[in-house]
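The block underneath contains the structure these notes are about, expressed in structure tokens.
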Amino acid sequence: MRVALGADHGGFHLKEAIKGWLEELGIEYEDFGAHSEDSVDYPDYARVVAEKVAAGGFDRGILVCGTGIGMSIAANKVPGARAALCHDVFSAQATREHNDSNVLCLGERVIGQGHARAVVETWLRTGFAGDRHARRVAKIRGIEDVYYGCGG
Ligand code: RB5
């Protein structure tokens, strides 16, 4: 599995921690920034990570900002990205099983690192359940077809 990582200044420290967790798990990643606490604009990082995942070069993406909300709004504008804002383990598991989410969004100002690690690890290891959920994910692609003229 290859994971694309991104954060703004509000998510910088949690992104750095996630890199350590991925290394412990033996999961390959690429860090698309930000590389410091200097103020930046979260849509720039949401866009690059979502595009990398949607293009197929990465299996998953993880985006962190202060709340995770801006990242999730922006990432979901990229066709093929299914970004899920999760601050609990139940949602992390459910979004993988039901939505086949390929981008996880977290808010550093919302969740502690211990809980975030459980969310990240659950999200990474949980598979898509398929079946009726595949029909629903296909309908999400159908919405992209209507508005973007492509299926992601
Ligand atoms: C930055 O101050 C903050 O707005 C950003 O990290 C994020 O929370 C936006 O949704």
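Fair warning: this is a prediction, and the values are worked out from it, not measured in the lab. One-based numbering, in listed order, for ligands and for the atoms of each. Counting begins at 1 with the first residue of the sequence.
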For [atom], what's the nearest protein heavy atom and its distance?
| atom | result |
| --- | --- |
| atom 8 (O) of ligand 1 | Thr67 N, 3.0 Å |
| atom 10 (O) of ligand 1 | Gly70 N, 2.9 Å |
| atom 1 (C) of ligand 1 | His9 NE2, 3.5 Å |
| atom 7 (C) of ligand 1 | Cys65 SG, 3.3 Å |
| atom 4 (O) of ligand 1 | Tyr42 CE2, 4.5 Å |

### Query
Does Asp8 approach ligand 1 within less than 4.0 angstrom via side chain, backbone, both or neither, non-hydrogen atoms only?
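The answer is the side chain of Asp8.
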### Atoms in ligand 1 flagged as close to Arg109, the criterion being non-hydrogen separation under 4.0 Å
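Answer for ligand 1: 1 (C), 2 (O), 3 (C).
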### Task
With heavy atoms of Gly66 as the reference, note each atom of ligand 1 found under 4.0 Å away.
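That gives atoms 5 (C), 6 (O), 7 (C), 8 (O) of ligand 1.
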Output yes when a side-chain donor or acceptor of [X] lies under 3.5 Å from a complementary backbone atom of [Y], and no otherwise.
| X | Y | answer |
| --- | --- | --- |
| Asn99 | Ser101 | no |
| Ser72 | Gly68 | yes |
| Asp8 | Gly10 | yes |

### Task
State whether Glu144 and Arg141 are salt-bridged, where the test is any N-O pair (Lys NZ or Arg NE/NH1/NH2 against Asp/Glu carboxylate O) under 4.0 Å.
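Salt bridge absent between Glu144 and Arg141.
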### Message
Which residue is it: Glu23, Lys19, Arg2? I am looking for the one with a side chain to side chain donor-acceptor pair (under 3.5 Å) to Tyr29.
### Response
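Looking at Glu23, Lys19, Arg2, the match for Tyr29 under the side chain to side chain donor-acceptor pair (under 3.5 Å) is Glu23.
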### Query
Parallel, tilted or perpendicular: which fits the ring planes of Phe32 and Phe58, with parallel below 30° and perpendicular above 60°?
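Rings of Phe32 and Phe58: perpendicular, as their planes differ by over 60°.
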